[in-house]
Amino acid sequence: FVYGLYGQNGSGKTALISSLGLLKRVLSGGSVPEEFSKLIELGKEYAQFNFKFDLLTGDFSYKIFYSFKIRIRKQETIPTLALFQEVKDSPESEQARHIEIFDELFKFAMQEPEASRMTEVINTHTCANSAFGPQSKYLDLVGNNKNDDTKLIVAKQLASQLSRSFVFSTELLQAISTEAGKHKSSPQRHISNDAVLILAWMKYYALNFLFVVDTRDTHLSSYQLMELHVNYKNTTVTITFHLDKPTLIREDLVQSVESSIKGMNGVLSQIIPGMTIGFVTLNSELMKDGHKGLNVQLTSRRDGKELPLSCESEGIIKIISILRLLISVFNQPHVTVAIDELDSGIFEYLLGEILKIIAEQGKGQLIFTSHNLRPLETLRKEFIAFTTTDPLNRYTRLTGVKTTNNLRDFYFRKILLNSGPENIYNPTSNAEIAFAMREASGAIYG
């Protein structure tokens, strides 16, 4: 499945990718950094996010709904937090602002063959004297142990202070798992069994199968990092390589890294004919965990020459940095990859062909934004959506597109005519732009 999003600058394309990046952090149980506050509309107190999932596991399948809100609050010191970490006093003006996740709502319904309505299972808003509601579901999920209830209330407060989700906290998952264990031998499936299964799988999905490349995330915006998942003694080890400088890796992982790079080269040489990547060992040193480490530099190999990978163009470095993700989404049905500005630095014909191959033969889910319109000529219309000028209906698919239409030409016509139910472009005037440039000249140059 491929989902491409197009639209004019500032219309909400990157916001979609950033929201998926936020989702990954929330489901993983990690802290949400303040930079995600950019998703809160100016002048609004909070932003709300709603997500729907389909889960198929063994003999059971579920429809899942999860929503939460985020807001910015000044970091406050509360007694429960002092039990878990060192708290340093600071003046009010120096206290850090942090993201707070609140009003979490978790619902699910079992699908065929035992179809049922979606049930509200966890709601952190409708709870007066307990960690979450509804009260009947609270008793079903964690029982009526007062000591456990106190622990969950403390865990909820701690999650708020650390910018984490309470629903996907270790403490709540452990409490539900304990209750589910009491009903393990029951002939009828208990709601706690379903809840712990779903929550655990959602967390596992975020950690292992959801990948987000957001250009507004300074950690990834320059595409100078590449993750490799290598097999080592029947386990998967993730190594993050710097593409522009040496990377320290354990010596006993070198053979696994060579094998993984060899697999990537088979694809890379088809995308960029004659090119492969490798690495050279610069020196060795003792790592902090006591293992012997090697400093290795990634290289590019073409025409019998080997150069540091950092010498290659931005487009090639970007292709290499996301190549493993594209290979994963092509081969694995569980994988979701979201990439902002996928077209940046990539030759448009190559971009169109790669997306066409993934759309026709890929097993996973690729979500991307782009300004290059070549994919509109290679992908089917159902794989493309557009932003609108309506803040209450931000994303849409074009109507009236026939199978004989060229979607790229159709999109341009919609922009020029600015007609139909979908208002996809805020009109600009060439004459007014030219006039504004002439006026600006006097202000800039005097």
*Give a yes or no answer on whether the side chain of Ser163 reaches the backbone of Ser31 with a donor-acceptor pair at less than 3.5 Å.*
no
*Mind listing the closest non-hydrogen atom pair of Ser269 and Thr276 along with its distance?*
CB-CG2, 4.5 Å
*asked:* Looking only at side-chain N and O atoms, does Asn393 offer a donor or acceptor that is under 3.5 Å from a partner on Thr388?
replied: no
*asked:* Exactly one of Leu351, Ile357, Leu350 should register a side-chain contact (heavy atoms from CB on, under 4.5 Å) with Ile354. Which one does?
replied: Leu350
*With under 30° as parallel and over 60° as perpendicular, where do the rings of Tyr138 and Phe132 fit, or are they tilted in between?*
tilted
_If we count only N and O atoms by modelled type, under 3.5 Å, do the side chains of Glu312 and Ser300 hold a donor and an acceptor together?_
yes
*Check whether any side-chain heavy atom of Ile70 sits under 4.5 Å from a side-chain heavy atom of Val32, and report yes or no.*
no
*Would a 4.5 Å heavy-atom cut-off, applied to side chains only, mark Val26 and Phe49 as touching?*
no
*Look at the side chain of Lys151 and the backbone N and O of Ala175, then say whether any donor-acceptor pair between them is shorter than 3.5 Å.*
no
Can you give the donor-acceptor pairs under 3.5 Å from side chains of residues 373-382 to other protein atoms, not counting sequence neighbours?
unit_1, atom_1, unit_2, atom_2, d
Arg374, NH1, Glu377, OE1, 3.3
Arg374, NH2, Glu353, OE2, 3.2
Thr378, OG1, Gly352, O, 3.2
Thr378, OG1, Pro375, O, 3.4
Arg380, NE, Glu382, OE2, 2.6
Arg380, NH2, Glu382, OE2, 3.3
Lys381, NZ, Val401, O, 2.7

*For Ile367 and Leu5, what are the C-alpha separation, side-chain angles and deciding distance, and is it a side-chain contact (heavy atoms from CB on, under 4.5 Å)?*
CA-CA 8 Å; Ile367 303 168; Leu5 184 61; over 6 Å; no
*Does a side-chain heavy-atom distance below 4.5 Å link Leu407 with Ile384?*
yes
*Name the orientation class of the two ring planes belonging to Tyr349 and Phe347 (parallel below 30°, tilted from 30 to 60°, perpendicular beyond 60°).*
tilted
*Going by atom types alone, do Ser18 and Asp214 pair a side-chain donor with an acceptor below 3.5 Å?*
yes
*Measure the shortest side-chain to side-chain distance between Tyr62 and Leu197 over non-hydrogen atoms and say whether it is less than 4.5 angstrom.*
yes
_Exactly one of Gln48, His125, Glu100 should register a side-chain contact (heavy atoms from CB on, under 4.5 Å) with Lys69. Which one does?_
Gln48
_Lys245 side, atom NZ; Leu309 side, atom CG - distance, nearest 0.5 Å_ = 14.5 Å
*Calculate, to the nearest 0.5 Å, the distance between atoms CD and CG belonging to Gln135 and Asp140 respectively.*
10.0 Å
*Measure the CD-NE2 distance between Gln297 and His242 for me, rounded to the nearest 0.5 Å.*
11.0 Å
*Atom pair CD1 (Ile99) and CD (Glu35), whose distance is rounded to the nearest 0.5 Å*: 9.5 Å
*Aromatic rings Tyr66 and Phe68: how do their planes relate, parallel, tilted or perpendicular, breaks at 30° and 60°?*
tilted
_Rounded distance (nearest 0.5 Å) linking atom OG1 of Thr396 with atom CG of Asp390_ = 10.0 Å
*Does atom CG of Asn430 have more than 12 heavy-atom neighbours, drawn from other residues, nucleotides or ligands, at distances under 6.0 Å?*
no
*Taking the side chain from Lys156 and the backbone from Ala131, do they hold a donor-acceptor pair closer than 3.5 Å?*
yes
*Compare every heavy atom of Arg164 with every heavy atom of Gly29, then report the nearest pair and how far apart it is.*
O-CD, 3.5 Å
*asked:* Under the criterion side-chain contact (heavy atoms from CB on, under 4.5 Å), I'd like the reasoning laid out for Glu120 against Leu105: C-alpha separation, chi angles, the key distance, then a yes or no.
replied: CA-CA 8 Å; Glu120 183 177 302; Leu105 176 61; 3.6 Å; yes
*Identify the two heavy atoms, one from His371 and one from Gly7, that lie closest to each other, and give their separation to 0.1 Å.*
CD2-O, 4.2 Å
*With side chains defined as the heavy atoms from C-beta onward, is the minimum distance between Ile277 and Asn265 less than 4.5 Å?*
yes
*Cation-pi check, Lys203 to Phe168: give yes when NZ or CZ is under 6.0 Å from the six-membered ring centre and within 45° of the ring axis, no otherwise.*
no
_Lys24 NZ/CZ over Phe211 ring centroid, <6.0 Å and within 45° of normal_ = yes
*So do the side chains of Ile198 and Phe106 get within less than 4.5 Å of each other, counting heavy atoms only?*
yes
_Pair Phe368-Leu355, side-chain contact (heavy atoms from CB on, under 4.5 Å): steps then yes or no_ = CA-CA 10 Å; Phe368 71 93; Leu355 290 173; 3.6 Å; yes
*May I ask you to decide if Asn372's main-chain N or O and Asp343's side chain share a donor-acceptor pair within less than 3.5 Å?*
yes
*List the atom of Ala338, the atom of Ile17, and the distance in Å for their closest heavy-atom pair.*
CB-CD1, 4.0 Å
_Any donor-acceptor N or O pair under 3.5 Å, side chains Ser165, Glu104_ = yes
_Tell me if the NZ atom of Lys356 is crowded by more than 12 foreign heavy atoms within 6.0 Å._
no
*asked:* What's the separation between atom CG in Leu27 and atom CZ in Phe53, rounded to the nearest 0.5 Å?
replied: 5.0 Å
Let me have the donor-acceptor pairs involving side chains of residues 326-337, under 3.5 Å, with sequence neighbours excluded, atom names and distances please.
unit_1, atom_1, unit_2, atom_2, d
Ser328, OG, Arg324, O, 3.0
Asn331, ND2, Ile327, O, 2.8
Thr336, OG1, Tyr205, OH, 2.7
Thr336, OG1, Gln365, OE1, 3.1

*Are side-chain heavy atoms of Phe102 and Tyr46 found at a separation under 4.5 Å?*
yes
_With a 3.5 Å distance limit and no angle check, can you tell me whether His98 reaches the backbone of Leu162 through a side-chain donor-acceptor pair?_
no
*Could you go through the side-chain contact (heavy atoms from CB on, under 4.5 Å) check for Ile261 and Leu298 one step at a time?*
CA-CA 10 Å; Ile261 288 179; Leu298 289 176; 4.2 Å; yes
*Provide the closest heavy-atom pair for Pro134 versus Val121 in the form atom of the first, atom of the second, distance.*
CD-O, 3.9 Å
*asked:* Please find the pair of heavy atoms, one from Ile316 and one from Ile272, that lie closest to each other, and give the distance.
replied: CG1-CD1, 3.9 Å
*Kindly indicate whether the side chain of Phe65, heavy atoms from C-beta on, has any atom under 4.5 Å from the side chain of Asn50.*
yes
*Do Ser321 side-chain atoms and Lys318 backbone N/O form a donor-acceptor pair below 3.5 Å?*
yes
